[in-house]
Amino acid sequence: MWSKRFKARSKRKNCKLPYLGMLTSQRTSHVKASSVFVRNFNTTNSLNSLSSITASLSQARQAHAHILKTGLHFETHLTTRLLSLYANHLCFADADLVLDSITEPNLFSFSTLIYACSKTNRFNQVLGLFSRMLCRGLFPDDRVLPNAVKACSGLSNLGAGRQVHGIALVCGFDADSYVGSSLIHMYVKCGQLKDAHKLLGKMPELDVVSWSALIAGYARQGRVSEAKGVFDEMRNRGTEPNLVSWNGLIAGFNQSGCYSESVLMFQKMYLQGFKPDGTSISSVLPAVGNLEDLNMGVQIHGYVIKEGINLDKCVVSALIDMYGKCACSSEISRVFDEMEQLDIGACNALVTGLSRNGLVDEALTVFRQFKGKGMDLNVVSWTSVIASCSQNGKDMEALDLFREMQIAGVKPNSVTIPCLLPACGNIATLMHGKAAHCFSLRSGIFIDVYVGSALIDMYAKCGRIQSSRICFDRMPTRNLVCWNAILAGYAMHGKAKEAKEIFHLMQWSGQKPDFISFTCILAACSQSGLTEEGQYYFNSMSREHGIEVRMEHYACMVTLLGRAGKLEEAYSMIKEMPYEPDGCVWGALLSSCRVHNNMTLGQIAAKQLFKLEPANPGNYILLSNIYASKGKWEEVDKVRGMMKSLGLRKNPGCSWIEVKNKVHMLLAGDKSHPQMTLIIEKLDQLGMEMKRSGYFPSTDFVLQDVEEQDKEQILCGHSEKLAVVFGLLNTRPGSPIRVMKNLRICGDCHVVIKFISHFEGREILLRDTNRFHHFKDGVCSCGDFW
DNA sequence: ATAGGGTTAG
């Protein structure tokens, strides 16, 4: 009855507060009455006839003053009208004041304000007013209840939602169609699908929207069979699914990662005679993109053009996104250029699409253009461009853009932080990482699994594995990625014991490991020399866990066996591999051969590598080093000649190999020590950074040579770590380490120095800008500098 | 019912 009327009213556009207008009896005389009112508002009648829609704020204030002056605030009827005037102008503080002054507020007073707050999404205020109303002994009606429920779903506050449900039961409104459907939506929003389902069963009138919401809810949780079940149930109970129901199903499957289901439903819908609209298209296209089904994508694009829905902004950005995922960079730009009006969503899709296809610089240029044109860049725009940088090795740029974003006054969210954190980890700027962590704690987004996993990874890469563990332990929910991140952290730090613990804890808690988990555990075993255990895990992969053994696992095993000196075994494993071995696998063998100076196998590996990666100078250097160790100087010259004829020079990568060899020499006393290989790997990581950064220090690099004005620029980047490591490498074992000035010591550098101190059994004292770091027996103590 | 941005290994 009333609710139906209300619904019809609310659908009218340009009518912000439908009820308030409706409640005024003399609609036609509003304008006239209000103009008269200013001149002579002494009569209560003119106040009464003041329209809540057309009256200005100053008129409302005048009326307020009049009421106070004349002591009319005991007239509940008048004060309630004033309340609606203020509410209409969104002056909630004034409205509250009026409400407090009413001696006997009635249901009408409260509902007036509740409607206004609900319309403007002031959910906390709605609930506050609702509870104040209850405290007054006033029972809500079927108009207030749905607004209270809506507030609970807006806040995702299940507890409050259940309480309101209880009140609805007491008041006998739970079977009311409007109250009921709002409760169903609330339960779906809070993920309580069983409750929603139960309630739906009790409803005498069944509406297609509530059914659709439940279907989408099941689909979003990836509960395929239940979603389909509700679909059938709906039909059996006499409600035919409409386009909305289908769209919900398609969008839900897509969100839960059931991409092929999503596309399948789209096709089914089409075959049943439904005409896909813009929403259907923009719901199915991400799934098509994730499946990289270009054929299907092109067909849908054709349909879009035929039906003329290519003006829909969502459809355009979904098309750009789909072509980006299908690696069609030419199509991305075409669709974008054909767009009539520049839309921020499409711009964001373009940036992501370009960066996904390796066109990072283009993505950055495009972003700069949008910014220059004065486009209204939102969180997604900034997050997209930060992600493009951090995913493509442009870590410094990512941090710079983050700073720029903050200057622009755009607040980061729970997606921005996981995009930024890998950049912090990659260059080990603990300071920035910690700042992001603090932000997550303050804004409450630390409970997000993506944020948590990224924090674990960042701390591990900054050399703070304990902090990683703390983040891990404090996560309210964990998924596969969280487990893998902490596992990778322990592997990175050479903590095989902890890695094994995590690996078993993970399975014990019901989380199945995947191929990444195995890469981590194999790497951990390999770094700690746990050959047999590594082999055990490797063998259990397909046998016990049903996980396909990939190329990278073979590469791990070659490294594992190679480090243990079992080079023949490593070689036979390569020969037995079901795949054609790639550069990583042969590279692992060649590196192991260099460690053990095995010439025969080294030659075999090098031969393959020369074919697979002819332009990688590192392979030539490794082989020549093996020859050199055997005193085969003619062979050394031959390899050098090969390099020369190929035009390969000792690039930074080459000098890096020299550094690596220097570490070998430094640690020559304990070649087989498990931790040594970890250092080599750490150095490899640094080498990668060196290559990426385009900044190539030579082995005798000293920071003191740098011009004063450039120093700060270099120091805030990653070169500091390299400088420290190079500095260390240039000293003879046993000699005191010279104190370096104005360096910040963090992350990888910390790890490397710690291990060097451990192996050489010497004390190292380094100073930061304001702290000292004392390394002894692999333990570092920090303190404020004298 | 409604896009667009996301974490882990190598």
Side-chain angles (χ1 to χ4, degrees), chain A residues 185 188 208-209 211-217 219-220 242-252 254-255 277-286 312-322 324 343-353 355-356 378-388 390-391 412-422 425 448-458 460-461 479-489 491-492 514-524 550-553 555-556 559 582-585 587-588 681 684-685 688:
Chain A
H185 279 91
V188 171
V208 65
V209 178
W211 281 112
S212 308
L214 185 62
I215 293 168
R220 235 193 309 258
N242 64 6
L243 191 63
V244 175
S245 327
W246 282 103
N247 285 352
L249 201 61
I250 294 165
N254 184 35
Q255 281 162 19
D277 65 350
T279 310
S280 328
I281 302 289
S282 37
S283 301
V284 77
L285 278 178
D312 188 318
K313 284 176 182 173
C314 296
V315 170
V316 175
S317 29
L319 275 171
I320 294 172
D321 177 66
M322 182 273 296
D343 167 53
I344 187 69
C347 297
N348 298 343
L350 179 67
V351 170
T352 312
S355 119
R356 214 195 294 265
N378 58 18
V379 214
V380 181
S381 324
W382 287 102
T383 306
S384 306
V385 74
I386 291 171
S388 305
S390 69
Q391 286 162 358
N413 65 11
S414 63
V415 180
T416 320
I417 300 301
C419 289
L420 178 74
L421 282 172
D448 185 288
V449 273
Y450 285 94
V451 175
S453 319
L455 280 171
I456 295 169
D457 175 58
M458 180 275 294
K461 286 193 175 135
N479 64 8
L480 178 62
V481 179
C482 308
W483 287 100
N484 283 351
I486 187 76
L487 199 55
M492 200 188 294
D514 72 342
F515 69 103
I516 295 177
S517 323
F518 274 95
T519 328
C520 298
I521 194 75
L522 289 177
R550 299 194 184 196
M551 187 85 81
E552 52 259 48
H553 300 116
C556 282
T559 313
D582 67 355
C584 293
V585 176
E681 274 180 22
D684 266 340
Q685 277 183 13
M688 287 292 289

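Values below: all heavy atoms of this structure, side chains included; hydrogens, waters and symmetry mates excluded. Chain naming here is simple, since letters A, B, ... match the order of the sequence lines and numbering starts at 1 in each.
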Participant: Compare the minimum distances between each of B:dG5, B:dA3, B:dT7 and the side chain of A:S453, then state the nucleotide with the smallest one.
Facilitator: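 For the A:S453 side chain, the nearest candidate turns out to be B:dT7.
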Participant: Return the nearest nucleotide to the side chain of A:I516; candidates are B:dG4, B:dA1, B:dA9.
Facilitator: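 Closest of the options to the side chain of A:I516: B:dA9.
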Participant: Would you kindly give the CG-to-C1' distance between A:N348 and B:dG5, to the nearest whole Å?
Facilitator: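 So the CG-C1' distance, A:N348 to B:dG5, works out to 8 Å.
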Participant: Confirm from the modelled atom types if A:S282 and B:dA3 form a donor-acceptor pair under 3.5 Å, side chain to base only.
Facilitator: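 Result: no qualifying N/O pair found.
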Participant: Measure CZ/A:R550 against P/B:dA9 and give the value in whole Å, please.
Facilitator: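 Going from CZ in A:R550 over to P in B:dA9 covers 15 Å.
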Participant: Whether the side chain of A:T559 engages the backbone of A:A588 through a donor-acceptor N/O pair (distance < 3.5 Å, no angle test) should be reported.
Facilitator: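 Side chain of A:T559 to backbone of A:A588, a donor-acceptor pair under 3.5 Å: no, none is there.
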Participant: Knowing that exactly one of A:T352, A:N378, A:T416, A:N348 qualifies, which makes a side chain to side chain donor-acceptor pair (under 3.5 Å) with A:T383?
Facilitator: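 Output: one option passes, namely A:T416.
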Participant: Can you check the A:I386 CD1 to B:dT7 P distance for me, whole Å?
Facilitator: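 After rounding, the reported distance stands at 13 Å.
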Participant: Which residue is it: A:R550, A:E552, A:H553? I am looking for the one with a side chain to side chain contact (heavy atoms under 4.5 Å, CB included) to A:F518.
Facilitator: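 It is A:H553, the one option of A:R550, A:E552, A:H553 that forms the side chain to side chain contact (heavy atoms under 4.5 Å, CB included) with A:F518.
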Participant: Can you tell me which nucleotide in B:dT7, B:dG6, B:dA1 comes closest to the side chain of A:V415?
Facilitator: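 Shortest atom-to-atom distance from the side chain points to B:dG6.
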Participant: Counting heavy atoms from C-beta on, name the nucleotide in B:dG6, B:dA3, B:dG10 closest to the side chain of A:D448.
Facilitator: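 Ranking B:dG6, B:dA3, B:dG10 by closest atom to the A:D448 side chain puts B:dG6 first.
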Participant: Atom CD of A:Q255 to atom P of B:dG4: distance rounded to whole Å?
Facilitator: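 In whole Å, B:dG4 P lies 9 Å from A:Q255 CD.
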Participant: Of the listed nucleotides (B:dG5, B:dT7, B:dA1), which one gets closest to any side-chain atom of A:Q391?
Facilitator: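 It is B:dT7.
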Participant: Which of these nucleotides, B:dA1, B:dG5, B:dT8, is closest to any side-chain atom of A:A387?
Facilitator: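 Selected nucleotide: B:dG5.
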Participant: Please state how far atom CG in A:D514 lies from atom P in B:dG10, giving the value in whole angstrom units.
Facilitator: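 It works out to 13 Å between those atoms.
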